[in-house]
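The structure appears right after this line, and notes come after that.
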Amino acid sequence: KAGVTQTPRYLIKTRGQQVTLSCSPISGHRSVSWYQQTPGQGLQFLFEYFSETQRNKGNFPGRFSGRQFSNSRSEMNVSTLELGDSALYLCASSAGTSAGANVLTFGAGSRLTVL
Amino acid sequence: AQTVTQSQPEMSVQEAETVTLSCTYDTSENNYYLFWYKQPPSRQMILVIRQEAYKQQNATENRFSVNFQKAAKSFSLKISDSQLGDTAMYFCAFMRNNDMRFGAGTRLTVKP
């Protein structure tokens, strides 16, 4: 069973540009969550999608957006990049159902460097 | 919003010994889930153990066990017979309604 796949693994952008990151969840998982990980702030929740709808949202500016497709794959976009956006962006998938503990399975992450 | 606090930024333990990582959380909810995740230097996050808040019995997974004190909102992780491969960042996490929040993490180093 394939795990959570994130692409690209590494990327370098300059300030003002935009970036799109992709996440393919485990087959059958309908929920995808995104996190930003930095040494100073730790793991910060961005948003969670379930069946193409944003179900939960963290406290990030509108420059951070996401979407989910009918096959459960998800993308997140960051526009007008700032130096502080340099981080490891982690995607995690789960069954997303309301019953039971929805264990998150994480991808390897996309390392974004903003110059 | 729920908050998760890990008060130990770094810890170390000798191989084969036991270490306990602390975690407290703040919530007004009664039904929720707690997790410990591990992130080795290669950075892939891996689930270590999970606990349902409605269960009084502490979860155990081989050398890993938790001490869940619901009234005190405490959820510590005990690692017995520490191994070099246990060296990693450990994150405590709280989940409710598919919204999972993490603590700042504890960097654990197992020394030979």
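In what follows, chains carry the letters A, B, and so on, assigned in the order in which the sequence lines appear, proteins first and then strands, with residues in each chain numbered from 1. As a basis for the values below, the full set of heavy atoms in this structure was taken, side chains included, without hydrogen atoms, waters or symmetry mates.
Ranked by heavy-atom pairs shorter than 4.5 Å toward chain A, the options Met89(B), Gln39(B), Gln51(B) are led by Gln39(B). Comparing Thr105(A), Asn59(A), Leu104(A) by how many heavy-atom pairs each has under 4.5 Å with chain B, the most go to Leu104(A).
Only the side chain of Gln37(A) comes within less than 4.5 Å of a heavy atom of chain B; its backbone N, CA, C and O stay farther away. Only the backbone of Asn97(B) comes within contact range of chain A, with at least one heavy atom under 4.5 Å from a heavy atom of that chain. Within the 4.5 angstrom heavy-atom criterion, no atom of Tyr32(B) approaches chain A. Using a 4.5 Å cut-off between heavy atoms, Tyr35(A) contacts chain B through its side chain alone, with no backbone atom that close.
Residues Phe106(A) and Tyr37(B) bring their aromatic ring centres within 6.0 Å.
Of the N and O atoms on the side chains of Thr38(A) and Gln41(A), not one donor lies less than 3.5 Å from an acceptor on the other residue.
Of the listed residues (Asn58(B), Asn67(B), Val66(B), Thr24(B)), just one forms a side chain to side chain contact (heavy atoms under 4.5 Å, CB included) with Phe75(B), and that residue is Val66(B). Exactly one residue among Ser93(A), Ser72(A), Ser94(A), Ser51(A) makes a side chain to side chain donor-acceptor pair (under 3.5 Å) with Arg30(A). That residue is Ser51(A).
Using a 4.5 Å cut-off on side-chain heavy atoms (C-beta onward), Glu48(A) and Ser31(A) make contact.
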